[in-house]
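This report refers to the structure that appears directly beneath it.
Hydrogens, waters and symmetry mates are skipped; everything else that's a heavy atom, side chains included, is used. These figures come from a predicted structure and were not determined experimentally. We count residues from 1, following the sequence as given.
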Amino acid sequence: MENLKVYLYNFKLEELEKVRCLGGYSLEERQIDFDDRSNLEPDIPALFIIRNAPNSTELWNYIRMVRARKMNAAFLLMITRQDFALLYGACQNGITAVLMEPASRHELEGQIERCLNRIDEVTQTLHDRALLEEYEYEKRQQITERLLSHILEKPEEVEFMLPEINKRYNMKLGKYHYQTFVISVNRAELCNKTSHFLKEVALLAIHTLGLAKEMILGYKEPYGLIGIVYYGRDMLLMERKEDFLLLWRKIMALQEYYGEFQVTLSVGNAVKTIGEVSDSLLRAAFSQEYRMTTGEFALFAEEFQEPKAIDEYVPERKIRELLRYVTLGEVRHVNTWFLEFYQNTEPKFMEYPPAFAKFCWEVYRLSAQNQTEKSVAIPEWKFFKLQHIFDGKERNRALETLLLEICHMMQQEAAEDQDVAAQAIAYMKVHYAEPINLEEMAEECGLSTSYFSKKFKEQTGEKYIDVLTDIRIREAQRLLGTTDTPVAEIVEEVGYCDDKHFRRLFHKVTGMNPLEYRKKIRSENE
C-alpha cells in the first residue's frame, strides 16, 4: 500500500474516509503551520487540503516554498464562492485544484482524484529522472572531479574559462555566490571513489539541495565527499540550513542498507567568488571537529570562530622533533613526547576543536616534506584511515600507534638489507585476525609482491601464508584450551570466514578437529 502524507488546514481527516480514490493509500496526517517548514519530507507524495485560509503573504509564501521543495505534491484549495481574492491567488500560484464550497462529496472526490493523478504523474517523472541522473552522474563524475581539482588549485584559470566550461560541459556556473560542504563517514570502507555508498550520497545531495543552480561533487582525500554549490544569488541562511539538515537525515537513513555508521555534514561559509572557495572548504573541514563539543553532526562554519594556526598550540619545531625521533627509531623518546603532549597540549584542543584535525594534518605534511632515504614516511592510506575516526582524542592515539609502528620499523631497518621476515611476522602477530593478503604484506614492508615473496622465503625457508596459518592455528589452540568460546566464534577471532576451510587446516596441523582437541586438552589439564 502506497504512503501518502495529507497536510490539512481547517479540515479533518475523517472527511476523507469514504473517498474511494484514496482506498489504495496509507494516509498519514499532518497539520499545516504556515510558519513551520520542518515536517516536509520531499521523498513521500503529499496532498495539501486547505480550507478557508486567509488571503495572506504567509499562505502564498508557504505554497511556493512547498512547490520548490516537494515536486510530488498537489494542492486542493477549498474556498467560498464569494472569495475571489483567494481564487485569483490560486491561479497565480499554480494550485492543482480549487473547490467552491458548499460542495457535494462527488465534487470533493473528483477534485481529490485530479490531485492524485497529478501526484502520480510527477512521481513517475521523478523516478525516470532519478534513473537518468544516475546514468548522467556516472558520465559526469570524471569531468566534475577534474573541475573540482582545478577550482581548488587554479581558481583564477577556472574563473577566466567559465564561459567555455559552461558551453563544453552544459553547466550553469557563474562568478558569484558559492558555498561548500564536506561529508565524512566514520567507516573507511564506505569511502572510496568506486563506492556505491558515495554515489548514493552524491545523488541525495543533488536531489535535496534543490535551491542550487549547479553543484560540483567529488571525493577528495583527506576531506571526504566535498561539494561546491553555486546559487547564483544570495540565499537566506535559514533556507540553506533546512536543506542541509534534511540531507544529513537522508544520509543517516541509509543505515538501513549499509549498517550503523555516523555522518558529519559540515557547511562552509558562503563566499562571493570562485577564488574564495578553497577557504570556505577548509573552514567546512575544520568545523567538523566541533561535533566533539556541540554533540551535533550537521555543522555550519558561520556559527564558529575564525580559523587559528596550529602553531598557537603545537609549534612546528615540536612536530619536527617528534618526526626526528621516529626517523631515528627512538621509541622511548616518542613515548615521552606523546606523554607530555597528552598532559599539557591536548586539553587546550577542547577550547578550539579544529586543532585536533590540524595537528594530524601538520604531522602528515611535515613528514612528506623534504623526504630523504632515512626520513619517516607515513603511508598515505594509513593516514587517510585516521580521518574516519571522529573522536579527536582517539585519533591522536591512533596517530601515536602509527608513528610507533613506523618507529619500530626504522629501528629494525638495517643499512642495506632490511629483515623483511621479522617485520612481516611481527605484523602478522598483531593483525592475524584481519584479512591479510600478499599485496598488503608487501605494501607493509614497502616492497613489490614478487620481491617480498622472494626475501621472505630466503629468510625463513617458508611461504608467508604458511607462517600466517601457523600463527592463527596456534591462537585457535590457545582459545580452545583456555576458554569456552564456541568454535564458530573462534574461527572469526583468528581471521577466517570459512568454517570448513578452518577445520581442514586445523586437522592438517593437529590431526584432530577443534572439538576433539578441546576435549583432549581438558582431560590432560584434569
Side-chain angles (χ1 to χ4, degrees), residues 148 151-152 177-188 190-191 195 197-198 200-202 204-206 208-209 211-212 215-231 235-255 261-271 276-310 349-362 384-395:
L148 191 61
I151 289 175
L152 299 178
H177 304 303
Y178 286 86
Q179 192 163 33
T180 62
F181 63 88
V182 179
I183 298 172
S184 298
V185 187
N186 67 342
R187 280 175 52 189
L190 292 177
C191 297
S195 165
F197 172 79
L198 281 184
E200 283 201 62
V201 171
L204 283 176
I206 292 169
T208 308
L209 305 180
L211 295 173
M215 195 181 309
I216 301 167
L217 294 164
Y219 186 73
K220 290 284 181 185
E221 293 284 14
Y223 301 106
L225 182 71
I226 66 176
I228 300 174
V229 184
Y230 169 60
Y231 287 111
M235 302 298 298
L236 293 174
L237 176 62
M238 184 56 68
E239 289 181 339
R240 294 203 307 270
K241 270 191 170 184
E242 288 175 359
D243 285 347
F244 282 112
L245 289 169
L246 177 59
L247 174 59
W248 180 80
R249 289 194 292 269
K250 283 185 174 183
I251 297 171
M252 289 297 291
L254 294 177
Q255 288 181 329
F261 58 79
Q262 185 54 270
V263 170
T264 298
L265 169 62
S266 54
V267 183
N269 51 310
V271 295
E276 299 171 285
V277 163
S278 292
D279 294 333
S280 175
L281 180 63
L282 281 174
R283 287 202 63 184
F286 289 127
S287 67
Q288 289 191 342
E289 301 299 306
Y290 282 99
R291 64 195 157 210
M292 289 183 290
T293 55
T294 64
E296 299 292 329
F297 285 85
L299 301 141
F300 297 85
E302 293 170 341
E303 299 174 0
F304 303 112
Q305 58 182 299
E306 290 292 318
K308 297 180 183 179
I310 189 61
F349 285 7
M350 293 304 292
E351 301 167 8
Y352 177 63
F356 284 101
K358 290 193 173 192
F359 168 64
C360 200
W361 288 16
E362 188 70 359
F384 288 156
K385 281 187 75 172
L386 298 179
Q387 307 313 306
H388 298 285
I389 300 174
F390 280 4
D391 184 89
K393 293 183 178 181
E394 186 182 337
R395 191 188 309 128

Side-chain contact, heavy-atom cut-off 4.5 Å: [X] with [Y]?
| X | Y | value |
| --- | --- | --- |
| I251 | I183 | yes |
| Y219 | I226 | no |
| L217 | I206 | yes |
| L386 | C360 | yes |
| Y178 | Y231 | no |

Does [X] use its side chain to pair, donor to acceptor, with the backbone of [Y] at less than 3.5 Å?
| X | Y | result |
| --- | --- | --- |
| Y290 | P354 | no |
| H388 | R187 | no |
| S278 | L152 | yes |
| W248 | T264 | no |
| N186 | Q262 | yes |

Identify the two heavy atoms, one from [X] and one from [Y], that lie closest to each other, and give their separation to 0.1 Å.
| X | Y | answer |
| --- | --- | --- |
| P353 | T293 | CG-CG2, 3.7 Å |
| A205 | M215 | O-CE, 3.5 Å |
| L190 | L198 | O-CG, 3.9 Å |
| S266 | Q288 | OG-CG, 3.0 Å |
| T180 | A284 | OG1-CB, 4.1 Å |
| A301 | G268 | CB-CA, 4.0 Å |

Atom [atom1] in [X], atom [atom2] in [Y]: separation rounded to 0.5 Å?
| X | Y | atom1 | atom2 | answer |
| --- | --- | --- | --- | --- |
| L281 | D279 | CG | CG | 9.5 Å |
| F300 | N269 | CZ | CG | 12.5 Å |
| L148 | K220 | CG | NZ | 5.5 Å |
| F181 | S287 | CZ | OG | 13.0 Å |
| E302 | K241 | CD | NZ | 8.0 Å |
| L247 | M252 | CG | CE | 12.0 Å |

Quick one, S280 with Q179, criterion side chain to side chain donor-acceptor pair (under 3.5 Å). Give me CA distance, side-chain angles, the key distance, then yes/no. CA-CA 7 Å; S280 175; Q179 192 163 33; over 6 Å; no
Less than 6.0 angstrom from the centroid, inside 45 degrees of the normal: does K393 satisfy that with respect to the ring of F356? no
Does the structure place the NZ or CZ of R291 under 6.0 Å from the centre of the six-membered ring of F390, at an angle of no more than 45° from the ring's axis?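 The answer is yes, since R291 meets both limits relative to F390.
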Ring centres under 6.0 Å, that's the criterion: do F286 and W361 meet it?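 Between W361 and F286, which both carry aromatic rings, the centre distance is below 6.0 Å.
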Carboxylate-amine/guanidinium contact K358 E289, below 4.0 Å: no
Salt bridge present between R283 and E276 (N-O < 4.0 angstrom):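 Between E276 and R283 there is no salt bridge, as every charged N stays at least 4.0 Å from the carboxylate O atoms.
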Residues that L254 engages under side chain to side chain contact (heavy atoms under 4.5 Å, CB included), provided they are two or more places apart: F197, E200, V201, L204, Y257, Y258, F261
Show the numbers, then the answer: is there a side-chain contact (heavy atoms from CB on, under 4.5 Å) between I151 and I216? CA-CA 10 Å; I151 289 175; I216 301 167; 3.6 Å; yes
